[in-house]
Amino acid sequence: MANSTFDDEAMQAEYDFSQGVRGKHAQGMQQGYTVVVHKLDGTTEERAFLLPQGVVALDADVQAYFPDSEAVNRALRGLIQLVPYRKHS
């Protein structure tokens with residue numbers, strides 16, 4: 001993983017991600033997700049999160065070519081130049 005803040009030293013030997021599936025929950029996350037926080041006093045707090053309007057999630061294979069918003073916007077602006085402008089009715 002390029003430009004990652006992942007720290008190999010922080011991983012414990014007993015962690016086993018060999019059966020993990022990358023992106024397994026990505027589509028569901030785009031629909032929003034809920035986090036349940038279990039507090040020390042025995043109570044729980046549930047929070048719902050939605051992606052902000054306008055956020056677009058890239059699939060991993062696409063993200064390999066477009067690692068940040070600047071790269072995506074540059075590529076899309078290049079495509080826009082190739083498409084004739086049409087006014088929407």
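FYI, the numbering just counts along the sequence from 1. The structure displayed is predicted, hence computed values, not measured ones.
- Residues passing the side-chain hydrogen bond (donor to acceptor under 3.5 Å, both in side chains) test with Asp41 are Thr43, sequence neighbours excluded.
- The 12-atom threshold is exceeded at CD of Glu14, counting heavy atoms of other residues, nucleotides or ligands nearer than 6.0 Å.
- Here the OH atom belonging to Tyr33 is positioned 7.0 Å from the CG atom belonging to Leu51, to the nearest 0.5 angstrom.
- Partners of Arg47 under the side-chain hydrogen bond (donor to acceptor under 3.5 Å, both in side chains) rule, at least two apart in sequence or in another chain, are Glu45.
- One hydrophobic cluster holds both Tyr65 and Leu79 under the rule that ILVMFWY side chains link at heavy-atom gaps under 4.5 Å.
- Considering every non-hydrogen atom in both Asp68 and Ala71, the closest pair reads OD1-N, 2.9 Å.
- Connection of Leu82 to Leu76 is established within a shared hydrophobic cluster, with ILVMFWY side chains joined at heavy-atom distances below 4.5 Å, either directly or through further cluster members.
- Across every non-hydrogen atom of Phe66 and Leu58, the tightest pair is O-CD1, 3.7 Å.
- Between Ile80 and Val83 there is no side-chain heavy-atom pair separated by less than 4.5 Å.
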